[in-house]
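Please read the structure below before turning to the comments.
Start at 1 and go down the list; that is how both ligands and their atoms are numbered.
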Amino acid sequence: MEDKNLNIETILSHFAENRDKYEGAVVPPIFQSSLFVFKNWDDIDNAFDSRENNFIYSRENNPSVNIIEKKLAKISGGGKAKFFSSGMAAISSAILHCIDKNSHVISVKNIYGPANNFLNKYLKQKMGIEVSFVDGRDITELKNNIKSKTDLIYLESPTSISFSLQNIEKISTIARKNNIKTIIDNTWATPIFQNPFKMGIDLVVHSCSKYINGHSDVVAGAVIGSEEDINSILKTELALFGAKLSPFEAWLILRSLRTLKIRMEKHQENALFVAKFLRDHPAVKHVFYPGLKTHPQYELAKKQLKGFSGLMSFKLKTKNKIEIKKFINNLKIFQLGVSWGGHESLVYVPAISYRKELPEEQFGNFGISYDTIRISVGLENKIDLVHDLEKALNTISF
Ligand SMILES: *Cc1c(COP(=O)(O)O)cnc(C)c1O
């Protein structure tokens, strides 16, 4: 089904699926095959003339993976998508595609921790590539950091612990004027709630381990961009580092994509309900959620985002670790674990791992301490979720 005017739900259900080729099976089979065979010399010879468009070997292209790549590109409004074995594989590949040994990179400071480590510890400290970190809310600071050799601006909006936003359209306009590529991590918003291509971004990256798969049973990532950029990533970073997605995981993601829009709408409904409850609770000092009017960038959020997903953080009124532990350990429905974006509600205290990975002044500078609680609001009943939080909050003194 290739109709140009289909809406998102219909694309997710039918687009890029050819049931005649699957013996009529309503669910495409898993193409669990490492290679594809050809009838004769000329056929395989011709296939290599356009490697990016043919099934030759599953490190680069596989039909199960191809179905979800076409769907994701279509709903994102990008030219082409490529899946990877993790979000970090997608992020590191997209960054490496944009730079060479003489490049300078500008990145927002409080991006996802491992993406920050890739830029700072790997590219900067190990490979000697120049990287500048900026606040992201301050356009003048960003402009002042541009050099003639700046090749990439890396964004994440909203960021996933402090939930600060960047003005995507303003930054990409500046980048284009200066011939600089832009990448944005769009994991939080998903293509359902934010379209960075409309705002001039070159490459969009996702951790598909979060909402895109949404069932907490797959680790995966994706890069979306122009056909030219993605074909180059396919033949270079994907082919050479080899972090490809397995056909079985692609099939699980296909199952997940069918419900992406309705899941996101439900995450939004539940999250807004939970955020308002937390905002009004006496034991809570502050809620960081772009969907609340009290968010300092609420106007920008409403302009850039069509909706708000289920991840937020908040600060308790107490800094006493014993009380904070009591709150965490008394939650019953919110389970304690990393990651987010699945059907299940989760709670995490980012400082637990940050203090083992980053110097205190660095994570402290992001405003993260033990009283910073991050929750991923899942698809359970919103009243049950609020009761769970209420019971645990009522056990602590502040
Ligand atoms: C989880 C996450 C990633 C990394 O994705 P993996 O699939 O875990 O490699 C990147 N960006 C954000 C915002 C994330 O939350």
Side-chain angles (χ1 to χ4, degrees), residues 65 68 72 76 81-96 107-122 136 154-166 168 182-194 196 201 203-224 237-238 241-246 249-250 252-253 256 264 267 271 288-290 305 308-313 337-342 344 346-350 352-354 357-358 363 366 368 372 374-378:
V65 184
I68 58 171
L72 184 63
S76 303
K82 207 64 213 155
F83 270 81
F84 288 80
S85 57
S86 70
M88 276 314 298
I91 289 168
S92 52
S93 296
I95 291 173
L96 289 170
S107 171
V108 171
K109 262 181 213 158
N110 52 348
I111 53 170
Y112 179 66
N116 187 307
N117 284 343
F118 178 68
L119 288 167
N120 192 29
K121 296 212 173 121
Y122 207 91
Y154 186 87
L155 309 175
E156 182 182 322
S157 183
T159 55
S160 66
I161 296 177
S162 56
F163 301 95
S164 67
L165 279 68
Q166 296 106 55
I168 301 170
T182 47
I183 300 178
I184 191 167
D185 184 331
N186 202 33
T187 304
W188 187 87
T190 80
I192 305 297
F193 290 152
Q194 182 162 265
I201 291 288
L203 289 162
V204 173
V205 290
H206 286 282
S207 167
C208 303
S209 324
K210 313 293 162 56
Y211 292 119
I212 288 186
N213 184 60
H215 291 66
S216 302
D217 48 16
V218 170
V219 172
V223 185
I224 311 140
E237 287 77 19
L238 179 65
F241 302 132
K244 60 95 193 157
L245 188 69
S246 76
E249 287 177 313
L252 285 171
I253 295 172
S256 299
M264 294 316 295
H267 280 296
F288 301 88
Y289 185 61
L305 291 154
F308 305 99
S309 68
L311 189 77
M312 70 186 77
S313 62
V338 297
S339 196
W340 47 277
E344 77 288 12
L346 292 169
V347 62
Y348 186 55
V349 177
I352 292 173
S353 50
Y354 271 47
E357 289 159 11
L358 294 170
F363 74 83
F366 300 153
I368 296 161
T372 312
R374 191 183 73 179
I375 54 169
S376 175
V377 178

N/O to N/O under 3.5 Å, ligand 1 against protein:
unit_1	atom_1	unit_2	atom_2	d
ligand 1	5 (O)	Ser207	OG	2.9
ligand 1	7 (O)	Gly87	N	2.8
ligand 1	7 (O)	Ser207	OG	2.9
ligand 1	7 (O)	Ser209	OG	2.6
ligand 1	9 (O)	Gly87	N	3.0
ligand 1	9 (O)	Met88	N	2.8
ligand 1	11 (N)	Asp185	OD2	2.6
ligand 1	15 (O)	Lys210	NZ	2.6
ligand 1	15 (O)	Trp340	NE1	3.2

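In this structure, NZ in Lys244 is found 10.0 Å from CG in Leu238, a value given to the nearest 0.5 Å. Once rounded to the nearest 0.5 Å, the distance linking OG of Ser107 with CD1 of Ile183 reads 9.5 Å.
In this model, no donor atom of one side chain and acceptor atom of the other lie less than 3.5 Å apart for Thr159 and Glu156.
Between Phe163 and Leu311, the closest side-chain pair of non-hydrogen atoms falls below 4.5 Å. Residues Trp188 and Leu305 have side chains in contact (heavy-atom distance under 4.5 Å, counting atoms from C-beta outward). Counting heavy atoms from C-beta on, the side chains of Asp185 and Tyr154 come closer than 4.5 Å.
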